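Here is the structure we will look at, set down as C-alpha cells.
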2 protein chains.
Amino acid sequence: MTSTRTSERRASTRHAGLERHEIIDAALAIVTAEGGAALTMRRLAADLGVTTTTIYWHVGNREQLVVAIVERFAEEQSAIPVIGRTPRRRVLHAAMNLWRSARGHRNLTALASAAGATTLLELPLEAALAAELGAAGVHGERARDVVQAVLACIAGFLISEWRPAEQRPEALRPSELWSRVDDPRIDPSTLRALASPADHERLVESTLRAIIDAAVPETHRGTP
Amino acid sequence: MTSTRTSERRASTRHAGLERHEIIDAALAIVTAEGGAALTMRRLAADLGVTTTTIYWHVGNREQLVVAIVERFAEEQSAIPVIGRTPRRRVLHAAMNLWRSARGHRNLTALASAAGATTLLELPLEAALAAELGAAGVHGERARDVVQAVLACIAGFLISEWRPAEQRPEALRPSELWSRVDDPRIDPSTLRALASPADHERLVESTLRAIIDAAVPETHRGTP
DNA sequence: GGTCACTCTTGAACACTGTGCAAGAGTGTT
DNA sequence: AACACTCTTGCACAGTGTTCAAGAGTGACC
C-alpha cells in the first residue's frame, strides 16, 4: 500500500504531487478495510508517503475528510433495482435495500453515522424508498414518517451488530445477563429465548414489514 | 465540584481516603451532566482531587469504569409501573417506558451503547416488557423477537437525536440534502415533508405500536 | 536570467487522550 | 522498631487531532 511519493505526477496547475481525490481514495480504503477507528491522520499520511500537514492542507479537517469519504462513496454507488409485484412488496424491498446496503458497508456506515452523515450516504436509496411509497399511495408527512421509522430501525439493528456479544466482557453479554434473571412473570421459554441470539436477517425483515404494513394501505385491485 | 482531598475520611480497613463508589458517583455525575466525551480520567481525577493513577488502582480501566457507572445507575433506577387496560396497550406502554428511560438519560445511554452495555442498563425495563408480552400471550422466540425489534427501534431513534441536525455542518442536514433532490418519482409534498423534521415523540410511539400490533394478537375477550 | 507569486510540503511543536511503572506515603499487625 | 499491606503519587510513554512558521517547487513576468 505504501507508495513513497517521489515526484511522479504533477498535473494541471502548478506542481501537484498529491491530489485531493487520492487522499479520499486512500482514506476510503482504510475505512472499508479496517474501520473508522483505523483512520488516523498519521496513518493516512503514511499510506500516502506524506506528512499529516499535507493531508490537512488538502482536506482541512478529519471531519471534513470523513464527509468527503462518504460523499465519494455515495457518488460511486450504483442504483439498486427495486423488485416486487405489489406496491407493498416493492416498498419492503426498497427498505431492505437500505438495510443490505448499510450492512454491506458497515464500516463506512458506522463512520458516517458518527459524523451525522448517514443521509448523505444513503440518499439515493432513501429516495427510492420514498418513490415506492408514493407508488403505493403514501405521500407527504406519512411517507416521511415511514422513511424515518425504517431508517431508525435499520440504524438500531446495525449498532447492535457493531459490538457483537462475543467480543464484549462476559458480564455484558445479553446471554449472560438474561440467564441470571429469575422473574416469575416471564415464561421460562421466553427467558431461554432472550438468552440466545436471534436471526437478525429475518428479524429485520419482519420488523420492517410490520412498519410498512401499518402505514401502506393494502393493495386493492382498482389502483391504477 | 472540586473537593481537594486532604485526609478527611479513612474508613473500614487500613487508610482509605477514597472509595470506589465515590469514583463511580463522580464519574456518573460527569456523564449525566456533560456526556461521555467529558469523562476523561484526568478530569475525573481532578474532580476528586486525586491523580489518575488512583482512579486506575480502584477501577482498573476506563471500560470497566463505564461498566461500573452503568451498573450503579441501573441499581438505583426504580421500577416504572406499566399501565393500560388491554394487554396490547400494556405492552406498548412497557415499550414506551424503555424509550422514555433511554431518552431521559441519553448521555448515559449513549455511553452504555458505545460500551455495549445497553442490556445491563435497561434489563429491568426489558424484563417488564417481556412480562407484558407473556401476559398478552406472546412467549419464547416470538417474544424475544419483539423485544429486540423494540430495542433496535429505540436505539435507532435515539442515535438520530445524538447529533441534532442543527449542529451539523449545513451540507449534512437532511433538510438541506432533500431540498436539492429533484426526483420526478417523488411527490412534491413528500419531498417537502422529508426536508422538514418529524415529530419524534409521536413517530416513536406509532412505530412501536406497529411492531407490537403485528406480533401481539388482538385482545379477545375470553382470555383469562 | 532574475524576481515575484502562488501552490504544495515539511518538521516541529502543542494540547489532549488512555495507560504503566517504580517509588513512596500511611496505617495495622507482629 | 520492623514488617506487610493498602493506597497514592509523579513521571513517563505512545497515541490522537491540529497548528504554525518555514521552506521547496513551479509558473509568469520583467
Side-chain angles (χ1 to χ4, degrees), chain A residues 2-24 26-27 30-31 34-69 110-111 114-117 169, chain B residues 2-24 26-27 30-31 34-69 110-111 114-117 169:
Chain A
T2 315
S3 70
T4 330
R5 170 155 311 274
T6 55
S7 53
E8 310 156 1
R9 147 185 330 182
R10 81 244 105 93
S12 55
T13 52
R14 311 285 171 154
H15 82 90
L18 184 61
E19 292 187 13
R20 202 183 127 95
H21 77 87
E22 297 184 58
I23 299 182
I24 313 293
I30 294 178
V31 171
E34 305 173 42
L39 179 69
T40 75
M41 304 307 262
R42 283 176 178 81
R43 159 72 191 279
L44 175 58
D47 276 15
L48 291 163
V50 152
T51 326
T52 57
T53 333
T54 303
I55 311 283
Y56 279 94
W57 194 90
H58 281 282
V59 181
N61 216 336
R62 186 177 191 266
E63 187 161 344
Q64 295 172 40
L65 171 63
V66 169
V67 172
I69 295 173
L111 189 64
Chain B
T2 316
S3 71
T4 331
R5 172 157 310 275
T6 54
S7 54
E8 309 158 359
R9 144 185 333 182
R10 78 245 106 92
S12 56
T13 53
R14 311 284 173 154
H15 83 91
L18 184 61
E19 292 187 13
R20 202 183 127 94
H21 77 88
E22 296 183 59
I23 298 181
I24 313 295
I30 293 178
V31 171
E34 303 172 43
L39 179 68
T40 75
M41 305 306 262
R42 284 174 176 82
R43 158 71 191 279
L44 175 58
D47 276 14
L48 290 161
V50 153
T51 327
T52 58
T53 333
T54 303
I55 311 282
Y56 279 94
W57 194 90
H58 282 281
V59 183
N61 217 336
R62 187 178 191 266
E63 187 161 347
Q64 295 172 42
L65 171 63
V66 169
V67 173
I69 295 173
L111 188 64

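Remember, predicted model here, so these are calculated numbers, not experimental data. We use all heavy atoms of the structure for the numbers below, so side chains are in, but hydrogens, waters and symmetry mates are not.
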Nearest non-hydrogen partners of [X] and [Y], listed with the distance:
| X | Y | answer |
| --- | --- | --- |
| B:M41 | B:L65 | SD-CD2, 4.2 Å |
| B:V31 | B:G36 | CG1-N, 4.4 Å |
| B:L44 | B:I30 | CA-CD1, 4.0 Å |
| A:V59 | A:Q64 | O-OE1, 3.2 Å |

*Starting from the C-alpha separation in whole Å, work towards a yes-or-no answer on side chain to side chain contact (heavy atoms under 4.5 Å, CB included) for B:R43 and B:L39.*
CA-CA 7 Å; B:R43 158 71 191 279; B:L39 179 68; over 6 Å; no

*Has A:H58 got a side-chain N or O lying under 4.0 Å from the OP1 or OP2 atom of C:dT7?*
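Checking C:dT7 against A:H58, no side-chain N or O comes under 4.0 Å of OP1 or OP2.
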
*Give a yes/no on whether any side-chain N or O of B:T54 is located under 4.0 angstrom from OP1 or OP2 of D:dT9.*
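Answer yes for this pair, as a side-chain N or O of B:T54 is under 4.0 Å from OP1 or OP2.
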
*How long is the line joining CG of A:L48 and P of C:dT10, in whole Å?*
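It works out to 10 Å between those atoms.
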
_Rounded distance in Å - CD (A:E63) to C1' (D:dT18)_ =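 Distance check: A:E63 CD to D:dT18 C1' gives 14 Å.
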
*From D:dG10, D:dC7, C:dT10, pick the nucleotide closest to the side chain of A:T51?*
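Nucleotide nearest to A:T51's side chain: C:dT10.
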
*Of the nucleotides C:dC8, D:dC20, D:dT9, which has the atom closest to the A:W57 side chain?*
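Closest nucleotide to the A:W57 side chain: C:dC8.
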
*Any chance you could lay out the side chain to side chain contact (heavy atoms under 4.5 Å, CB included) test for B:T54 and B:L48, step after step, and finish with the verdict?*
CA-CA 10 Å; B:T54 303; B:L48 290 161; over 6 Å; no

*Any residue meeting side-chain hydrogen bond (donor to acceptor under 3.5 Å, both in side chains) with B:R20, in chain and number order, not counting sequence neighbours*: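 side-chain hydrogen bond (donor to acceptor under 3.5 Å, both in side chains) list for B:R20, sorted by chain: empty.
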
*Axial bend angle, the helix from C:dG1-D:dC30 to C:dT30-D:dA1: five-pair end segments, nearest 10°*: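 Nearest ten degrees gives 30° for this helix.
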
Please enumerate all protein N or O atoms sitting under 3.5 Å from an N or O of nucleotides 15-18 of chain C, with distances to 0.1 Å.
residue: C:dT17; atom: OP1; partner: B:T40; partner atom: OG1; Å: 3.4
residue: C:dG18; atom: OP1; partner: B:M41; partner atom: N; Å: 3.4
residue: C:dG18; atom: OP2; partner: B:M41; partner atom: N; Å: 3.1
residue: C:dG18; atom: N7; partner: B:R42; partner atom: NH1; Å: 2.8
residue: C:dG18; atom: O6; partner: B:R42; partner atom: NH2; Å: 2.9

*Assess whether side chain to side chain contact (heavy atoms under 4.5 Å, CB included) is satisfied between B:V67 and B:N61, documenting all intermediate values.*
CA-CA 10 Å; B:V67 173; B:N61 217 336; over 6 Å; no

